[in-house]
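Single-structure report; data block below.
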Amino acid sequence: MNDKYLSPYDASASESTIYDMWEQSGYFNPDAMIRDGLTKEDAAPFSIVLPPPNVTGQLHLGHAFEDATQDAIIRYRRMKGFRTLWVPGTDHAAIATQAKFEKEHYKKEKKSRHDYDRNDFFDMTLDFGRAHQSTILGQLKKMGASLDWSRLAFTLDEARQHAVYTAFKKMYDAELIYQKDRIVNWDVKGQTTVSDDEVLREEREATMYTFKYSDDFPFPIASTRPETKLGDTAVAVHPDDTRYQQYIGNEYSFTFAGADVTVKIIADEHVDSEFGVGALGVTPAHSMIDSEIAERHDLPSVQVINEYGKMIIGNDDIKNTKAAVARETVAQWLRDNNLMVSEEKIIQNVGIAERTGGVIEPLPKLQWWINVNKSFDYPHDSLTGIEKGQSVTLKELMLHVVENEEVSIVPERFEKTYRHWITNLRDWNISRQIIFGHQIPVWYKDGEDMKVSETSPGYGWVQDTDTLDTWFSSGLWSFSTLGWPNTEAEDFKTYHPTNLLNPGYEILPLWVSRMILMSTFLVGDIPFKEVHIHGMLRDKQGRKFSKSLNNGIDPLEVIEQYGTDALRMALTIGVTPGQDMSFDLQKVKAYRKFANKLWNITRFVLTETDKQHEVYEGSFSKRDVEILNHFSERTKELTKEMDENKLYLVAEKLYHYTWHTFADEILEESKAIFENGNDSEILSRKKLLRHILKNICIMLHPFMPFITEEIWQDLKNNNDRDILMTVSWPQL
RNA sequence: GGGCGAUUAGCUCAGUUGGCUAGAGCAGUUCGUUUACACCGAAAAGGUCAGGGGUUCGAGUCCCUUAUCGCCCACCA
């Protein structure tokens, strides 16, 4: 026996050696598995794309959680004989990365993006991202992730750039991408638009002002933002509201805080007559709802606030001041002119940009959009339930594949969330006024129509300066990583659609739905068959991990102290899909003990038996047959649960069997047999111990890949495969 | 305002289509053991499955309702 079993299992001593061995074997790559006859040539494919981590920082425990789950599934499928591919990659995370880089760079150099040429700034940000990428890849390896590194992708590399531009052109040609001046979520601080999903809500105290526009105006209106009222072009009331019937259709002109305002009284179903005074001042330029009303009634739009959050009209006290300041100035003006009816403190939700924390100022901007409600003739014939040429909208496609169960969402309740979200989906604003990202492939030249092209159409053409929303490129992830737009690429043909996606529920609208949109339109197929949703990790007290709470746990430190296998078990057992889980180091500790238990079980077996015992040809004793039958029943049950991705059950049952059946019962009674039994009983039992321990290693391998591989190296027989990772799952 | 989830042992959670005496890990109790393992073993303890009502031969599981906590969506101006 190897002396190393005389001391407790030391994860740190063996894990990196084991990982190197795997990596050098090349078997993370399914092609190598086939080449060496470890996977059958005609084996069914099984593929997962790694949700690409943002290159903004390091991996946290949440990533480790995802990695543990996906790697367990991948390792299982590989052992099960599938042609198994897990594609690694990272996300350039446009605005998040740019914001972070700019902040750190400013701290050091006192220079911002405005101090650099566009290309230089882009390159600097890219370098920053690349540096994080290499850290991230190192961390994934520490986790034991059996990703095929030969297929590493980045959402901003050349191949993905080509995919992005191809996608843009196809959608533009189908008239699903359009350019339009519309109200956007403008992040004043970040100086860019953000999509609806990147706007967070924060409760803030505000004042509800009730006032009249002028003495001549017949009734008061209410608003928390009187400064925007300089841009009102209508007052909307409910059509059935008797109080205002007589005014509908009238037009009033007056000067309001120095601005010439003309409002028309209109009737709109949207107005809630119960709320406030039941009359809504319509500001088409600075409110999403109001702009919709304006569109219905064909009202003009007057912009009041610019990109810097400053007033562009109004009297001298107001013009050029910040909107928040102007609010009070206008309120004072109302008081001074005896127009103010009442002021009431209320709590309201304010939109905040997710990445920069800046207040969102809705204002009109010329932007690029994806139209989710436009009908078009479906160009593919490969999607179940939708025929080629059938008239559909992107929204309908997104709903169809989920309702049709082509894409199944686990747990099922998230289908409701998904459906609800898609149903209310508005057009997707895909342009961003930042530098780090895919520059929009649209070119302009004086006197010519704009052109969509991957490269410059020729002399004198200037490219659109906006970049694409980062989710545009990650929406392509399931197929841009597999060779698309070359639809003849081997990987694309073999591995798409992928089998499984393992995202957190918070990313369902942002990413999962976008992948479905892109894939159903561009490829004519679903991006993945199953969405296996995970919950969020929380700390011991059930709080989110966050910087402000400083309760973060570095997975690498946990690994250093307890070993990757222990961490992986802790992130697997007791975790059900979609359910949040609180993380406690106690748990990791417990599974480190388990690793050591397995270590000592091995020590016992290696001490008492040798490879010769495995080929003992006598029959098993009656008791051993009983044990074997029981074990194969368990194996059958566990295999079924693995097929259903019930990792939390399998891992726990293996833990229990190993410790409390194999060690506590079988090993204990073996001692007596070895002392008092007859030769055939002893030989039977020795063969049995090796057989079961080997199978435990095999089945535990997806969860605890390192220690099981380490043990396998000492346990394997001449006719066994060299590397446990490539060994076949028990056949029944 | 709308939607969803959670509530099971001191703590963290399982409990698949309703079916033996409701399980696991950790913590705690008692005893034991140092030639596989003290990162150990054995034994016991611990639950009106949030409350109430209903369906059923049978409910932790299905339905209704109440309560508490949490999350998501929604620019009542």
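Proteins come first, then strands; the chains are lettered A, B, ... in the order of their sequence lines, and each starts at number 1. Just so it is clear, the values below take in all heavy atoms, side chains as well, and ignore hydrogens, waters and symmetry mates.
Closest to the A/His270 side chain, of the nucleotides B/C76, B/A36, B/A24, is B/C76. Residue A/Arg538 has its side chain nearest to B/G70 when only B/A77, B/G70, B/A36 are considered. Comparing atom distances between the A/Asp272 side chain and each of B/C76, B/C26, B/A36 picks out B/C76 as nearest. Comparing B/C37, B/C40, B/A42 by their nearest atom to the side chain of A/Asp664 picks out B/A42. Of the candidate nucleotides B/G41, B/A77, B/G25, B/A77 has the atom nearest to the side chain of A/Lys229. Nearest to the side chain of A/Leu280, among B/G25, B/A36, B/A77, sits B/A77. Among the nucleotides B/A77, B/A36, B/A24, the one closest to the side chain of A/Phe604 is B/A36. Comparing B/A77, B/C39, B/C37 by their nearest atom to the side chain of A/Lys593 picks out B/C39. When distances are taken from the side chain of A/Lys597 to each of B/A77, B/A36, B/C39, the shortest belongs to B/A36.
Base-pair partner of B/C62: B/G54 (Watson-Crick or G-U wobble, both distances under 3.5 Å). Across all strands shown, B/C71 pairs with B/G3; the Watson-Crick or G-U wobble distances both stay below 3.5 Å. With both pairing distances under 3.5 Å, B/A14 is matched to nothing as a Watson-Crick or G-U wobble pair. Across all strands shown, B/U34 forms no Watson-Crick or G-U wobble pair with both distances under 3.5 Å. If you check B/A43 for Watson-Crick or wobble pairing at under 3.5 angstrom, you find it paired to B/U29.
Among residues at least two apart or in separate chains, there is no side-chain hydrogen bond (donor to acceptor under 3.5 Å, both in side chains) pair with a member in residues 588-600 of chain A.
Remark: the separation of the C1' atoms in B/C49 and B/A9 is 11 Å, to the nearest Å. Rounded to a whole angstrom, the distance from the P atom of B/G60 to that of B/C20 is 11 Å. B/U65 sits 23 Å from B/G58 when the P atoms are compared, rounded to a whole Å. B/G52 and B/G5 are spaced 23 Å apart, taking the P atom of each and rounding to whole Å. On the P atoms, B/U16 is 12 Å away from B/U7, given to the nearest whole Å. Here, B/G3 and B/C39 have their C1' atoms 47 Å apart, quoted to the whole Å. For the P atoms, the distance linking B/C64 with B/A6 amounts to 14 Å, nearest Å.
Note: OH (A/Tyr5) to C1' (B/A36) measures 12 Å, nearest angstrom. Per the geometry, OH belonging to A/Tyr655 stands 6 Å off C1' belonging to B/G25, to the nearest Å. In this structure, the CG atom of A/Leu585 is 18 Å from the P atom of B/C39, given to the nearest Å. Separating the CD atom of A/Glu665 from the P atom of B/A36 is a distance of 18 Å, rounded to the nearest angstrom. In this structure, A/Asn600 atom CG and B/C37 atom C1' are separated by 4 Å, rounded to whole Å. For the pair A/Leu647 CG and B/C13 P, the computed distance is 18 Å after rounding to whole Å. Put simply, CZ on A/Arg419 is 13 Å from C1' on B/C4, counting in whole angstrom units. We find that CD of A/Gln561 is positioned 13 Å from C1' of B/C39, with the value rounded to whole Å.
Of the two residues near RNA chain B, A/Gln586 and A/Phe594, the one whose nearest nucleotide lies more 5' is A/Gln586. Of the residues near RNA chain B, A/Leu667 and A/Arg225, the one whose nearest nucleotide (by heavy atom distance) lies more toward the 5' end is A/Leu667.
Contacts of A/Ala294 classified as side-chain contact (heavy atoms from CB on, under 4.5 Å), with partners at least two apart in sequence or in another chain: A/Pro284, A/Leu299. Scored by the ring pair (Phe, Tyr, Trp, His ring centres under 6.0 Å) test, A/Tyr213 finds A/Phe217, A/Phe254, A/Phe256 as partners (sequence neighbours excluded).
Distance alone, capped at 3.5 Å, is enough to place a donor-acceptor pair between the A/Lys587 side chain and the A/Ile573 backbone. Panel note: side chain A/Asn185, backbone A/Thr193; no donor-acceptor pair is recorded below 3.5 Å. Under the 3.5 Å distance criterion, the side-chain polar atoms of A/Arg243 are matched with a main-chain donor or acceptor of A/Ser273. In this structure a side-chain-to-backbone donor-acceptor pair under 3.5 Å is missing from A/Asn429 to A/Ser195. At least one donor-acceptor pair closer than 3.5 Å links the side chain of A/Asp580 to the backbone N or O of A/Met536.
A/Glu343 and A/Thr207 are not linked by any side-chain donor-acceptor pair at a separation below 3.5 angstrom, with hydrogens and angles left out of the test. Judged purely by distance below 3.5 Å, without hydrogens or angles, the side chains of A/Arg690 and A/Thr609 pair a donor atom with an acceptor atom.
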What protein N or O atoms touch nucleotides 72-75 of chain B N or O atoms at under 3.5 angstrom, if any, and at what distances?
| residue | atom | partner | partner atom | Å |
| --- | --- | --- | --- | --- |
| B/A74 | N6 | A/Asn349 | ND2 | 3.3 |
| B/C75 | N3 | A/Met288 | N | 3.3 |
| B/C75 | N4 | A/Met288 | N | 2.5 |

Could you run down the sub-3.5 Å N/O contacts of the protein with nucleotides 15-21 of chain B?
| residue | atom | partner | partner atom | Å |
| --- | --- | --- | --- | --- |
| B/G15 | OP1 | A/Tyr648 | OH | 3.3 |
| B/U16 | O2 | A/Lys646 | NZ | 3.4 |

Check nucleotides 5-12 of chain B against the protein and report each pair of N or O atoms closer than 3.5 Å, with its distance, or say if there are none.
| residue | atom | partner | partner atom | Å |
| --- | --- | --- | --- | --- |
| B/U12 | O3' | A/Ser582 | OG | 2.9 |

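OP1 and OP2 of B/G23 both lie 4.0 Å or more from every side-chain N or O belonging to A/His660. A sub-4.0 Å separation between OP1 or OP2 of B/A24 and a side-chain N or O of A/Trp659 is absent.
The two atoms that bring A/Ala222 and A/Thr210 nearest to each other are CB-OG1, 3.9 Å, heavy atoms only.
Looking at heavy-atom distances under 4.0 Å, A/Phe583 makes no contact with the nucleic acid at all. A/Lys671 comes within 4.0 angstrom of a base, heavy atoms only. Using a 4.0 Å heavy-atom distance criterion, A/Ala663 is classed as a base contact. A/Val350 comes within contact range of no nucleotide atom at all, as no heavy-atom separation falls under 4.0 Å.
Using a 4.5 Å cut-off on side-chain heavy atoms (C-beta onward), A/Tyr655 and A/Leu598 make no contact. The shortest distance between side-chain heavy atoms of A/Lys653 and A/Arg634 falls below 4.5 Å. Under the 4.5 Å side-chain criterion, counting only non-hydrogen atoms from C-beta, A/Pro239 is in contact with A/Glu269.
Among A/Asn373, A/Thr423, A/Asn424, the one residue that satisfies the side-chain hydrogen bond (donor to acceptor under 3.5 Å, both in side chains) test with A/Lys395 is A/Asn373.
Applying the 3.5 Å distance criterion, the base of B/A77 shares no donor-acceptor pair with the side chain of A/Gln348.
Aromatic ring centroids of A/Phe583 and A/Phe65 lie 6.0 Å or more apart.
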